[in-house]
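Counting convention: from 1, in listed order, for ligands and their atoms alike. Treat the numbers as computed from the prediction; the structure is a model and nothing was measured. All heavy atoms count here, side chains included; hydrogens, waters and symmetry mates do not.
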Amino acid sequence: MSEKEIRTQLLVAGKWQDAADGRTIPVTNPATGQVIGQVAHASKADLEKVVAGAQVGYQAWRSLTAWDRFVIMRKAADLLRERAEQIGRIMSEEQGKPLAQAIIEIQGAAGVIEYFGEEGRRLNDELVPPRAPYVEQRVLHRPVGVVAAFTPWNFPINQIARKLGAALGAGCGVIVKAPEDTPASPAELIRCFCDAGIPAGAVSLVYGVPAEISEYLITHPVVRKISFTGSTPVGKHLAALAGAQMKPVTMELGGHGPVIVCPDADLDAAAERLAAAKFRNAGQVCIAPTRFLLHKEIAAPFIEKFKAQMSALKVGNGLDEGVTMGPLVNERRVKALTELVDDARQKGAELWQPDISMPNDGCFFPPTLVLKPTLEMKVMQEEPFGPIAIMDEYSDLADAVTEANRLPYGLAAYVYTRCERTERLLGEKLEAGMVAVNHHGIGVPEVPFGGMKDSGYGTEGGPEALKAHTITRLVSALHEKPSF
Ligand code: NAD
């Protein structure tokens, strides 16, 4: 390990500390394979203290006015912006993404936190007109309690910011189980809240064995809501655990983003924007475009333009100047993608990779096109979660919609067309939580962000995300008839 190794601690009842038994997990830079730090590994003794601290911290946080909560959240967002470059370097080193993408993610997260702090000030109660005289029907929106948030490694900060923002904005306390692959940048995010003056225990941070922590927290009576981002199988498992406890969940799971490129599309813009969306974060994005359904009249020119975009990628260490695509997060992901591509090749796919230089060490995987796909190929069923784009053709728009809706996933879908009528039709017909037409700007905090079918339920954007962290209570009071 280098002298600069980062030791990431747990945040327990407002105090940064090592695990009670001193256990740690090594953290590796995926671009070099070098161990760059250690993260504390919580045991049951730590979790007991975390939950006790969270109960106290939640009461302190919910007792503040919405305005005072907003002031602390805005301060945390400002600190995050000030520290974006320094934290971005940490993120790039532990996760692999290019520094510029890390900084954009951090600045976006600051915007998310600020938005939910503001939205918390607008969490208004309602009065419902009564049927009987002197009855007052008040509908109150109150925080649900302590939330357990489980977040993945692909956007180490933004995935937490969405969960933290919505929960804290609603007045909830939060225990974050952050990713062990990329622990140090999330800790820096949480430090911004501590430095902004959040009450001790209102936010806690743990790492360890994900299954042990989730089972402990989900079944603990203090924890009242579960929020998870990750793969569909794990999401189903956690939703079942929560269901047995009658606890609400928000689930943001996998996708297999279909893209319909119509014959009237602006092909230059489509190729450029889709390639940027596909290869961002080396394709490790739940809303990445994956199954490209190209009208047969424009399939060949579109593929040529897309290949040109792929040939312009610079693959390398995310901290090196000019790099546009980094490594995958770990060897497990390299193995998974290699298996998908090998399976496609064996079943008759044509594969294409650009003639660009690839680093020899680290967890790199080349940008890859899968041409002539068939439904027998695993890559047409399973989320690749990497820099793989599948190119297929269609003649009839109805067939393209059938293929887009074929899989159990339903997260993001994309359309490229100049025709407003087609755009509106597909906006209705595509089975997805989000449909983006001619652009990819669906991640802003004020709009819904979530999926349907196996991609999960609930949304992590807009006022709905805040409401999902509240309980709705009716108070119906019969008042005395006034004397005059
Ligand atoms: P994985 O399913 O093992 O883990 C995904 C995330 O869930 C990780 O952060 C992990 O720590 C966590 N996790 C796993 N088991 C858990 C449990 N029992 N309790 C609580 N948390 C648990 O997958 P992976 O190999 O890390 O990633 C591969 C797949 O995960 C991808 O194919 C993709 O489908 C999915 N993924 C999705 C997103 C997303 O943004 N929706 C992000 C990362 C990974």
A.B. asks: Leu340 and side chain to side chain contact (heavy atoms under 4.5 Å, CB included): which single residue from Glu383, Lys378, Gln381 fits?
C.D. replies: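 When Glu383, Lys378, Gln381 are each tested with Leu340, the side chain to side chain contact (heavy atoms under 4.5 Å, CB included) holds only for Lys378.
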A.B. asks: So with a 6.0 Å cut-off around NZ of Lys347, is the heavy-atom count from everything else above 12?
C.D. replies: yes
A.B. asks: Taking the six-membered ring of Phe385, is NZ or CZ of Arg333 closer than 6.0 Å to its centre and within 45° of its axis?
C.D. replies: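 Ring-cation test returns no.
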A.B. asks: Any salt bridge between Arg7 and Glu5, counting N to O under 4.0 Å?
C.D. replies: yes
A.B. asks: What does the contact table look like for ligand 1 (nitrogen or oxygen on each side, cut-off under 3.5 Å)?
C.D. replies:
from, atom 1, to, atom 2, distance (Å)
ligand 1, 2 (O), Ser231, OG, 2.5
ligand 1, 19 (N), Pro210, O, 3.3
ligand 1, 19 (N), Ser214, OG, 2.8
ligand 1, 25 (O), Arg332, NE, 3.4
ligand 1, 25 (O), Arg332, NH2, 2.8
ligand 1, 26 (O), Trp153, NE1, 2.9
ligand 1, 26 (O), Arg332, NH2, 2.9
ligand 1, 34 (O), Glu383, OE1, 2.2
ligand 1, 40 (O), Asn154, ND2, 3.3
ligand 1, 40 (O), Gln159, NE2, 3.2
ligand 1, 41 (N), Leu253, O, 3.2

A.B. asks: Take the angle between the ring planes of Phe302 and Phe292 and call it parallel below 30°, perpendicular above 60°, tilted in between.
C.D. replies: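 Rings of Phe302 and Phe292: tilted, as their planes differ by 30° to 60°.
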A.B. asks: For His41 and Tyr207, I'd like to know if the aromatic rings sit close, meaning centre-to-centre distance below 6.0 Å.
C.D. replies: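 No, the ring of His41 stays outside the 6.0 Å limit from the ring of Tyr207, centre to centre.
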